[in-house]
Amino acid sequence: MARPINWHQPSKRKPSTDDNLIPLINIVFLLLIFFMIAGKIEVIHDAGLALPTSAKAQPAIAQPITLQLSKSNVIHVNNTVVTLEALPAALTKLLLQHPAQIAVRADKQVTYQDLDRVLNILRAAGFSAINLLTLTMESTA
């Protein structure tokens, strides 16, 4: 014969310190999932650039398109090497996929004429916002 269960007696379970960890673990996993979805980690190939410095600092805004111009005038568009002649076609293709904003990283030894040639191609392609990235004086000290 089965023994009747006494519903009026409290359980004799010992309080555990692990009970307080479960909500913390849930929060950590939710934060992890949030940052995995919200943040996009993209490695930008360095291309051996030495960026110029700037006295005024503004935070860099992540751009979907990145153009890098090395001191030997090698152009990288989103980590892909592109010639100066093929640059307009590559930019037109990217403009169809992304908004008209681009981040330009040019080596500090690039001449003004070479940079101006690339900037003119960007303007002609239809970019409305061209952000030139530099280092701040504090980060180089």
### Query
What's the verdict on side-chain contact (heavy atoms from CB on, under 4.5 Å) for Leu69 and Val104, showing C-alpha distance, side-chain angles and the deciding distance?
CA-CA 8 Å; Leu69 181 60; Val104 177; 5.7 Å; no
### Message
Could you see if Val81 belongs to whatever hydrophobic cluster contains Leu115? Use Ile, Leu, Val, Met, Phe, Trp, Tyr and a side-chain cutoff under 4.5 Å.
### Response
no
### Task
Under the side-chain hydrogen bond (donor to acceptor under 3.5 Å, both in side chains) rule, what do Arg117 and Asn120 come out as? Steps first, then yes or no, please.
CA-CA 5 Å; Arg117 191 176 314 128; Asn120 285 333; over 6 Å; no
## Note on the structure
dist Phe35:CZ -> Leu31:CG (nearest 0.5 Å) comes out at 6.0 Å
## Note on the structure
Only residue of Ile25, Asn26, Leu24 satisfying side chain to side chain contact (heavy atoms under 4.5 Å, CB included) with Ile22 is Asn26
### Hydrophobic cluster membership, Ile121 vs Val74, 4.5 Å side-chain cutoff
no
### Message
Could you go through Thr83 and Ile75, starting from their C-alpha distance and side-chain angles, then the distance that decides it, and tell me whether this counts as side-chain contact (heavy atoms from CB on, under 4.5 Å)?
### Response
CA-CA 6 Å; Thr83 63; Ile75 301 170; over 6 Å; no
### Message
Go through it in stages, so that I can follow the logic: the residues are Asp107 and Gln68, the test is side-chain contact (heavy atoms from CB on, under 4.5 Å), and I'd like the CA-CA distance, side-chain angles, deciding distance and then a yes or no.
### Response
CA-CA 8 Å; Asp107 193 279; Gln68 298 182 61; over 6 Å; no
### Task
Let me see the working for Thr111 and Asn73 under side-chain contact (heavy atoms from CB on, under 4.5 Å), right down to the final yes or no.
CA-CA 9 Å; Thr111 63; Asn73 290 329; 5.7 Å; no
## Note on the structure
Test side chain to side chain contact (heavy atoms under 4.5 Å, CB included), reference Ile102, set Thr66, Leu67, Leu95, output is Leu67
### Query
What distance separates Leu87 CG from Thr92 OG1, expressed to the nearest 0.5 Å?
9.0 Å
### Message
Could you measure the distance from the CG atom of Leu132 to the CZ atom of Arg105? Nearest 0.5 Å is fine.
### Response
12.0 Å
